[in-house]
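Let me begin by presenting the structure, written as structure tokens, before commenting on it.
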Amino acid sequence: MQVLIDNFDKLLDAFGKTFQLFVVAGFLSLIFGTMLAAMRVGPVKVLDRAAALYVTIFRNTPLLVLLLLVVFGFPKLDIRLGFFWMNILALTMYTSTFVCEALRSGVNSIPLGQAEAARSIGLGFTQTMRNVVLPQSFRAVVPPLASVLIALTKNTSLCSIFGIAEGTAAMKALLNDNTADLWPIVIGIALGYIIIVELISGAAALLERHWRIA
């Protein structure tokens with residue numbers, strides 16, 4: 001336990017980096033995943049097929065492979081974003097596919113009559129999606145979206161391999177210098193991730209309860 005107390009500032013900084021990866025990649029994944037879902041349910045077939053192909057490729061590719069592709073492949077194409085943004089890009093490319101599929105299931109749960117009613121009063125596809133379909137879809141898929149964001153939090157641990165000093169990287173550094181304190185270090189790092197995951201679960205439960213009452 002003493003090793004955790006002595007290195008508390010380093011751990012706080014590392015989990016701050018983990019939280020930063022989660023917030024930025026989560027925000028971008030929600031935006032890009034929503035765009036993909038709109039393409040999947042939209043009337044333009046070519047966009048539907050392009051989004052379906054994207055989801056099929058990136059959802060079924062291991063995140064580690066995507067990280068390797070971005071971190072080592074992009075510099076060979078003279079695309080240099082820095083380690084933080086390259087990790088964010090790979091996390092977003094991967095997580096947005098799961099956001100898309102969760103939202104698509106929400107869209108499919110909305111009665112078709114609501115979209116038809118919106119169009120009958122003159123709303124176009126974009127307005128119907130923005131004002132009628134997507135708000136209800138988000139309410140319907142809070143639990144699966146929370147699960148996607150929780151998975152994203154745990155996936156940020158892979159970024160420790162690619163130059164990001166987040167929680168898992170802090171654990172490896174502490175273990176290198178304090179091999180006798182294996183259990184306190186591992187349990188302490190696990191508790192850090194559990195706290196972040198519980199914060200996400202709590203926020204999702206509050207949001208779901210608020211929308212149910214509203």
Next on the checklist: To the nearest 0.5 Å, what is the distance between CE on M35 and CZ on R40?
Outcome noted: 15.0 Å
Checklist entry - Under a 4.5 Å side-chain heavy-atom rule over Ile, Leu, Val, Met, Phe, Trp and Tyr, are L199 and F22 clustered together? => result no
Checklist entry - In Å, rounded to the nearest 0.5 Å, how long is the span from CD1 of I185 to CE of M171? => result 9.0 Å
Next on the checklist: Please report the interatomic distance CG(L11) to CG(L191), rounded to the nearest 0.5 Å.
Outcome noted: 11.0 Å
Checklist entry - Hey, does the side chain of Q127 reach the backbone of G124 with a donor-acceptor pair shorter than 3.5 angstrom? => result yes
Next on the checklist: Once rounded to the nearest 0.5 Å, what's the spacing between atom CZ of F15 and atom OG1 of T168?
Outcome noted: 7.0 Å
Item to check | Least distance between heavy atoms, S160 atom then S157 atom | outcome: OG-O, 2.8 Å
Next on the checklist: Test of understanding: clusters of I, L, V, M, F, W, Y form through side-chain heavy atoms closer than 4.5 Å, transitively. Do L12 and L4 belong to the same one?
Outcome noted: no
Next on the checklist: Please check if the number of heavy atoms outside F19 that lie under 6.0 Å from its CZ is greater than 12.
Outcome noted: no
Checklist outcome for this item: In this structure, CD1 of I200 is separated from CG of L145 (nearest 0.5 Å) by 12.0 Å
Checklist entry - Given side chains that start at C-beta, do those of I161 and L64 come closer than 4.5 Å, heavy atoms only? => result yes
Checklist entry - Does S147 reach the main-chain N or O of P143 with its side chain, forming a donor-acceptor pair under 3.5 Å? => result yes
Checklist entry - Quick one: are L89 and W85 in side-chain contact, heavy atoms under 4.5 Å? => result no
Checklist entry - Is it true that a side-chain atom of D48 and a backbone atom of V44 form a donor plus acceptor pair closer than 3.5 Å? => result no
Item to check | Pairs where residues 106-162 contributes a residue and the test ring-ring contact (aromatic ring centres under 6.0 Å, His included) is met, not counting sequence neighbours | outcome: none
Checklist outcome for this item: Taking every heavy atom of L149 against every heavy atom of G26, the minimum-distance pair comes out as CD2-CA, 4.2 Å
Item to check | Polar side chain donor-acceptor pair, Y94 to T61, under 3.5 angstrom | outcome: no
Next on the checklist: Tell me whether Q136 contacts the main-chain N or O of V132 through its side chain, where contact means a donor paired with an acceptor under 3.5 Å.
Outcome noted: yes
Checklist outcome for this item: Tightest non-hydrogen contact, residues V70 and M86, listed as CG1-O, 3.4 Å
Checklist entry - Quick one: are L63 and L67 in side-chain contact, heavy atoms under 4.5 Å? => result yes
Item to check | Derivation and outcome, side chain to side chain contact (heavy atoms under 4.5 Å, CB included), residues I121 and L123 | outcome: CA-CA 6 Å; I121 61 173; L123 296 181; 4.1 Å; yes
Item to check | I164 side chain near K17 side chain, heavy-atom distance below 4.5 Å | outcome: yes
Checklist outcome for this item: Rounded to the nearest 0.5 angstrom, the CD-SG distance for E166 and C159 is 6.5 Å
Item to check | Heavy-atom side-chain proximity of L103 to V41 below 4.5 angstrom | outcome: no
Next on the checklist: Please check this pair: side chain of N176 against backbone of K172, looking for a donor-acceptor N/O pair closer than 3.5 Å.
Outcome noted: yes
Next on the checklist: Quick check on the hydrophobic clustering: are F8 and I195 connected, directly or via other members, by side-chain heavy-atom contacts under 4.5 Å?
Outcome noted: no
Item to check | Flag, side chain of T156 to backbone of T153, donor-acceptor distance under 3.5 Å | outcome: yes
Checklist entry - Within the side chain of Y54, is there an N or O that forms a donor-acceptor pair under 3.5 Å with the backbone of M93? => result yes
Item to check | Cluster check F98, V65: I/L/V/M/F/W/Y, side chain < 4.5 angstrom | outcome: no
Item to check | Any donor-acceptor N/O pair, T18 side chain to G167 backbone, under 3.5 Å | outcome: yes
Checklist entry - Heavy-atom distance under 4.5 Å between the side chains of S29 and L91, does that happen here? => result no
Checklist outcome for this item: Shortest non-hydrogen pair, V141 vs S105, comes out as CG1-OG, 3.9 Å
Checklist entry - Which atom names give the shortest non-hydrogen contact between A37 and R104, and what distance separates them? => result CB-N, 4.4 Å
Checklist entry - Which heavy-atom pair separates L175 from T179 by the least distance, and what is that distance? => result O-CG2, 3.2 Å
Next on the checklist: Could you walk me through whether V99 and F32 satisfy the side chain to side chain contact (heavy atoms under 4.5 Å, CB included) test, starting with their C-alpha distance in whole Å, then the side-chain angles of each, then the deciding distance to 0.1 Å, before giving a yes or no?
Outcome noted: CA-CA 8 Å; V99 171; F32 190 43; over 6 Å; no
Next on the checklist: For the backbone of V197 and the side chain of S201, can you confirm whether one donor and one acceptor N or O come within less than 3.5 Å of each other?
Outcome noted: yes
Checklist entry - Mind checking whether L30 and L28 have side chains closer than 4.5 Å, heavy atoms only? => result no
